[in-house]
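Every number for a ligand or one of its atoms is a count from 1 in the order of the listing.
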Amino acid sequence: MLDVANLTASYGVSRALFGVDLRIGEGEVLALMGRNGMGKTTTVKAICRMIASAGDLRFDGQDLHRLTSDAAARLGIGLVPEGRRCFRDLSVRENLIVAARPGPWDMDRVTALFPRLGERQGQNAASLSGGEQQMLAIGRALMTNPRLLILDEATEGLAPIIRQEIWAAIARLKSETGMAILLIDKSLKELSGISDRAVILQRGSTVWSGPMAELTPDISEKLIGV
Ligand code: ATP
């Protein structure tokens, strides 16, 4: 479904990606791993067409380099960005509706996945807790009816009990839908439990990729530091 090869990208004169390779098949869950600053978010920005890049970047065979970010979203790539980025002055309901595209995911289904969003429909996003804002960011991405959902640090800074709720929702997405998922997260334990495959970045390049079961403690200690 997603095919990335030799991807490069820069911020001005500063090169951030030197050669990222990764593939995600239909219904697959991929963990994109690496220490801080290794290029995970930049890779996601390139996939979602939020930063210029070069190399091979294809979704369903289509060259993403030819597309704008909204066209990439329409093609079926849904992003839950780092830092959530909810529309603070819009209500929960409005945050969800602005993203809506036809498909099985609608308000009812999103609020069934996250009942708190249903209870808080009329509240402004700014008044939600961090965990609720994260649920809203996931719900907003689901409302676009993506075939590939990208979650960039979706449990960052949340209380353990809320983190568990988010992981449980991701596990449901995996088991109950055929959605492909790309996950970036600091918890190796949680990533190991849910991901089919992993890709590890170091200084903007892919240095390891393979089935999650083959990611041994010595590899993760050496390449990720955990
Ligand atoms: P983290 O886990 O800390 O979010 P990451 O693996 O997602 O890290 P990136 O955020 O993709 O890493 O950063 C890759 C490199 O690009 C780093 O050297 C970072 O300093 C640099 N970088 C990221 N964003 C910018 C920016 N807006 N302008 C300039 N350099 C940037």
A.B. asks: Check the hydrophobic clustering (I, L, V, M, F, W, Y; side-chain heavy atoms under 4.5 Å; chains of links allowed) and say if I138 and I194 are grouped together.
C.D. replies: yes

A.B. asks: Between atom CH2 of W167 and atom OG1 of T155, what is the distance when rounded to the nearest 0.5 Å?
C.D. replies: 5.5 Å

A.B. asks: Under 3.5 Å between some N or O of ligand 1 and some N or O of M38?
C.D. replies: yes

A.B. asks: Establish, from distance only, whether the side-chain atoms of N124 and S91 form a donor-acceptor pair under 3.5 Å.
C.D. replies: no

A.B. asks: Against heavy atoms of R35, which atoms of ligand 1 measure under 4.0 Å?
C.D. replies: 6 (O)

A.B. asks: Regarding D185 and S187, do their side chains bring together a donor and an acceptor under 3.5 Å, going by distance alone?
C.D. replies: no

A.B. asks: The criterion is side chain to side chain donor-acceptor pair (under 3.5 Å); which residues satisfy it with Q62, sequence neighbours excluded?
C.D. replies: none

A.B. asks: I'd like to know if atom 20 (O) of ligand 1 has any protein heavy atom within a distance of less than 4.0 Å.
C.D. replies: no

A.B. asks: Which side-chain hydrogen bond (donor to acceptor under 3.5 Å, both in side chains) pairs, counting each pair once, include a residue from residues 26-35, with sequence neighbours left out?
C.D. replies: E28-R197

A.B. asks: Starting from atom 2 (O) of ligand 1, locate the nearest protein heavy atom and write down its residue, its atom name and how far away it is, to 0.1 Å.
C.D. replies: K40 NZ, 3.1 Å

A.B. asks: Is the positively charged end of R120 above the ring of F114, judged by distance under 6.0 angstrom from the centroid and angle within 45° of the axis?
C.D. replies: no

A.B. asks: At what distance is the nearest protein heavy atom to atom 4 (O) of ligand 1, and which residue and atom is it?
C.D. replies: E82 OE2, 3.4 Å

A.B. asks: How far is atom 12 (O) of ligand 1 from its nearest protein heavy atom, and which residue and atom name does that atom have?
C.D. replies: G39 N, 3.1 Å

A.B. asks: Can you tell me if Q134 and R84 form a side-chain donor-acceptor pair at under 3.5 Å?
C.D. replies: yes

A.B. asks: I'd like to know whether ligand 1 has G34 as a neighbour, heavy-atom separation below 4.0 Å.
C.D. replies: no

A.B. asks: Do R49 and S53 have a side chain donor and acceptor closer than 3.5 Å?
C.D. replies: yes

A.B. asks: Can you tell me the protein heavy atom closest to atom 7 (O) of ligand 1 and the distance?
C.D. replies: T41 N, 2.8 Å

A.B. asks: Which ligand 1 atoms does T42 reach within 4.0 Å, using its non-hydrogen atoms?
C.D. replies: 9 (P), 11 (O), 13 (O), 14 (C)

A.B. asks: Among all protein heavy atoms in this structure, tell me which lies nearest to atom 15 (C) of ligand 1, with the distance rounded to 0.1 Å.
C.D. replies: G37 O, 3.7 Å

A.B. asks: Looking only at distances, can you tell me whether any N or O atom of K45, backbone or side chain, sits closer than 3.5 Å to an N or O atom of ligand 1?
C.D. replies: no

A.B. asks: Under 3.5 Å between some N or O of ligand 1 and some N or O of T43?
C.D. replies: no

A.B. asks: Which protein non-hydrogen atom lies closest to atom 24 (N) of ligand 1, naming both residue and atom, and how far is it?
C.D. replies: Y11 CZ, 3.3 Å

